[in-house]
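Written below as structure tokens is the structure these notes are about.
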Amino acid sequence: PASQYVYRLYLNDAFVGAGPPRGFNGVNRYNSFDVTALLRAGEENVIGALNYTAQDQHFLFQMRVIYEDGDSALVVSNSEWLALDGDAAIVD
């Protein structure tokens, strides 16, 4: 069912990309985007995704942040992420 997902990803009101990528021989692929220019240092950054799926309604997200000093952090989707029905979403 995971291959049915269709999404548009945003960061700080900027369009990042869309998916999913095509799988091959039953292997799922993942999109990867460089969002460095969209991040706001010292401010709150907001990730948004419009995701369509008819069943198994989940959105998997992972972003590795690498800081200038070499430290890194992993941002992943989890049950704390807020969601709303797509009928209530407004897209420009």
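Counting begins at 1 with the first residue of the sequence.
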(message) Quick check: closest heavy atoms across Glu44 and Asn12, and the distance to 0.1 Å?
(response) O-OD1, 4.1 Å
(request) Identify the two heavy atoms, one from Asn45 and one from Leu11, that lie closest to each other, and give their separation to 0.1 Å. (result) CB-CD1, 4.4 Å
(message) Testing the basics here: between Val35 and Met63, what is the closest heavy-atom pair and its distance to 0.1 Å?
(response) CG2-SD, 3.8 Å
(request) Might you work through the side-chain contact (heavy atoms from CB on, under 4.5 Å) test for Val6 and Asn51, ending with a clear yes or no? (result) CA-CA 6 Å; Val6 177; Asn51 183 37; 5.8 Å; no
(message) Between Leu60 and Tyr30, is the side-chain contact (heavy atoms from CB on, under 4.5 Å) condition met? List the steps.
(response) CA-CA 10 Å; Leu60 300 174; Tyr30 299 91; 5.8 Å; no
(request) With side-chain contact (heavy atoms from CB on, under 4.5 Å) as the test, would you mind laying out the steps for Leu50 and Leu9 before giving the verdict? (result) CA-CA 7 Å; Leu50 294 175; Leu9 184 67; over 6 Å; no
(message) Give me the atom names and distance for the closest heavy-atom approach of Gly19 to Asn31.
(response) CA-OD1, 3.6 Å
(request) Look only at the side chain of Ser72 and the backbone of Ile66, and say whether a donor-acceptor pair between them is shorter than 3.5 Å. (result) no
(request) Provide the closest heavy-atom pair for Asp71 versus Asp69 in the form atom of the first, atom of the second, distance. (result) N-OD1, 2.9 Å
(message) Tell me whether the count of non-hydrogen atoms from other residues, nucleotides or ligands lying under 6.0 Å of CG in Asp13 goes above 12.
(response) no
(message) Tell me the closest heavy-atom pair linking Val16 and Tyr10, and the distance in Å.
(response) CG2-C, 3.9 Å
(request) Treat each ILVMFWY residue as a node, draw an edge where side-chain heavy atoms are under 4.5 Å apart, and state whether Val46 and Leu74 are in one component. (result) no
